[in-house]
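Working notes, beginning with the structure itself.
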Amino acid sequence: MLMQLHKVHGSGNTFYIFETNNEESMDWSKLGIWLCQKDNLGGADGLLLVAPSKIGLAKMRVINADGSEASMCGNGLRCVARYICEKHNVSEALIETMKAVLKVQKEASIFGSIPTYSVEIAPVSFDITSLPMFYKNKQQIRNELIEEFADDISFTAVSVPNPHLIGIVQSDKIINTQHQERLSSKLNGDNEYCPDGVNVSYVYPMDEDSIYVRTYERGVGFTNACGTAMTASALVSSIEGVVSASKVTVYNPGGFVQCHVQHNEEDYVLKLIGNATFVAELELNTEKEWLWQSVKETDEQKAYESLISYAETKTASIYLTS
Ligand SMILES: N[C@@H](CCC[C@H](N)C(=O)O)C(=O)O
């Protein structure tokens, strides 16, 4: 069989898109692990399956690099939004995900002529059992020091609906990646707090309408960007008064996105806006062992690189310790 795939990225968070009419036709976990290996065309963060839906224009399923399945992926949904909108020649659509049917929309470009899409991020819950997470019989963890995790970082646990632990980092403009890696490895291994693992983000406040976010993704590891994490970080930053604007620019190691955040008591309206870049079209021959039959790069990545250099200039004063 010859499979047609697209290699895409949202903010440097890289995926393969594959459309199927038969969700039972293959072991997607095995395919996801194979596609995401670093020595296979540079690897990727996940596989996005596009399948028919009875309640939306399409369904998106998210397979992480380790083969586990995630309930949602913000950067991935922007890429699937573009794929579906271009296929059906529409500028907005509803796409079914594991836990919600979400609105997606073509938007004016965030930078130059880069194709840009917005996606709704929902549902939001601060009830820690929704992650699931367990800590001292608490129902919520909101901007709290947790002595078992760190002595100088305040954490919030939130599901959107995939699970996130968001830490606001204040000290000396440093995001300590070693500390983040140690904590993330602990919470994504056999542990008493997050039995299904968790996406861990450290947030550095930049100014009244921008933050920098570095994410260690469940099932992946450190990633250039995680869309749901950036949106959850913008929400937490807004609730905690770290930013005052409702339109937050979120910088990350792969570029930047915009997150629109509205909250009123327990009512949250979140929108993630950013690039949906198609890097290559590929054919995979699965007849015997899996072999790439053809790989055709587009020229979209060149345009994206100008956005990265803009983002790098903006974040030059933030440094990461390894
Ligand atoms: N990269 C994603 C999130 C992917 C899923 C995540 N690793 C999980 O297991 O929850 C995004 O852009 O939101």
Side-chain angles (χ1 to χ4, degrees), residues 7-17 28-29 32-33 35-36 43-49 60-83 95 97-100 102 104 116-125 128 130-133 157-166 180-181 184-185 187-189 191 194-201 203 213-236 250-259 261 270-277:
K7 195 162 190 177
V8 300
H9 77 79
S11 232
N13 201 194
T14 304
F15 306 96
Y16 286 94
I17 291 183
W28 306 116
S29 168
I33 293 170
L35 289 169
C36 293
D45 297 294
L47 164 66
L48 304 168
L49 274 187
M60 175 185 79
R61 285 177 60 189
V62 184
I63 312 296
N64 284 323
D66 69 354
S68 59
E69 184 158 357
S71 53
M72 178 43 187
C73 175
N75 291 324
L77 185 57
R78 292 205 310 280
C79 297
V80 169
R82 175 174 169 192
Y83 178 80
I95 296 187
T97 61
M98 189 190 282
K99 295 191 177 163
L102 299 171
V104 304
T116 300
Y117 280 77
S118 68
V119 300
E120 180 188 358
I121 303 287
V124 177
S125 174
I128 65 171
S130 70
L131 277 76
M133 183 170 181
V158 59
S159 65
V160 295
N162 60 338
H164 292 275
L165 185 68
I166 311 291
Q180 189 177 2
E181 178 156 26
S184 309
S185 303
L187 297 178
N188 283 287
N191 74 100
C194 300
D196 296 351
V198 67
N199 299 288
V200 180
S201 296
V203 178
V213 177
R214 178 108 171 108
T215 303
Y216 185 105
E217 257 193 38
R218 171 177 74 159
V220 182
F222 276 118
T223 176
N224 278 329
C226 173
T228 44
M230 293 186 287
T231 315
S233 299
L235 173 65
V236 171
V250 183
Y251 293 92
N252 57 65
F256 69 85
V257 295
Q258 279 161 6
C259 297
V261 173
L270 304 178
K271 193 156 104 169
L272 167 68
I273 305 169
N275 74 298
T277 299

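Remember, it's 1-based here, ligands and their atoms both numbered in the order they're listed.
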- among protein heavy atoms, the one nearest atom 9 (O) of ligand 1 is Arg218 NE, 2.8 Å
- Distance-only side-chain donor-acceptor flag, Asn64 / Ser68, under 3.5 Å: yes
- Message: Side chain, backbone, both or neither: which applies to Asn199 and ligand 1 if a contact is any heavy-atom pair less than 4.0 Å apart?
- Response: side chain
- ligand 1 atoms in contact with Met72 (distance to a heavy atom under 4.0 Å): 3 (C), 4 (C), 5 (C)
- Electrostatic pair Glu120:Lys271 at N-O distance under 4.0 angstrom: no
- Could you tell me which atoms of ligand 1, counted from 1 in the order shown, lie closer than 4.0 angstrom to a heavy atom of Thr228? 3 (C), 11 (C), 12 (O), 13 (O)
- Does the pair Asp66 and Val220 meet the rule for a side chain to side chain contact (heavy atoms under 4.5 Å, CB included), with working shown? CA-CA 6 Å; Asp66 69 354; Val220 182; over 6 Å; no
- Task: Say whether Gly227, considering both its backbone and side-chain N or O atoms, lies within less than 3.5 Å of an N or O atom on ligand 1.
- Result: yes
- With a 4.5 Å limit on heavy-atom distance, are the side chains of Leu165 and Asn199 in contact? no
- Query: Which atoms of ligand 1 are found less than 4.0 Å from any heavy atom of Ala70?
  - Reply: 5 (C), 8 (C), 9 (O), 10 (O)
- Note on the structure: re atom 2 (C) of ligand 1, the protein heavy-atom contact at minimum distance is Cys73 SG, 3.3 Å
- Where ligand 1 meets Asn162 - atom numbers and elements under 4.0 angstrom, heavy-atom basis: 3 (C), 5 (C), 6 (C), 8 (C), 10 (O)
- Could you tell me whether the side chain of Asn13 and the main chain of Ala225 form a donor-acceptor pair under 3.5 Å? yes
- State whether the shortest distance between N or O atoms of Val62 and N or O atoms of ligand 1 falls below 3.5 angstrom. no
- Message: Looking at every non-hydrogen atom in both residues, tell me the closest pair between Cys259 and Ala234 and how far apart they are.
- Response: CB-CB, 3.7 Å
- So, does Asn13 sit close enough to ligand 1 that a heavy atom of it is under 4.0 Å from the ligand? yes
- Query: Against heavy atoms of Asn75, which atoms of ligand 1 measure under 4.0 Å?
  - Reply: 11 (C), 12 (O)
- For the residue pair Phe256 and Tyr251, does the interplanar ring angle fall in the parallel (under 30°), tilted (30 to 60°) or perpendicular (over 60°) class? tilted
- Item | Side-chain H-bond candidate by donor/acceptor type, Thr116 with Asn275, under 3.5 Å | no
- Test item, Met230 contacting ligand 1 (heavy atom, 4.0 angstrom): no
- Query: Quick one: are Arg214 and Ser201 in side-chain contact, heavy atoms under 4.5 Å?
  - Reply: no
- Task: Using non-hydrogen atoms of the residue, decide whether Cys226 is closer than 4.0 angstrom to ligand 1.
- Result: yes
- Query: Can you tell me which residue and heavy atom of the protein come closest to atom 4 (C) of ligand 1, and the distance to 0.1 Å?
  - Reply: Glu217 OE1, 3.7 Å
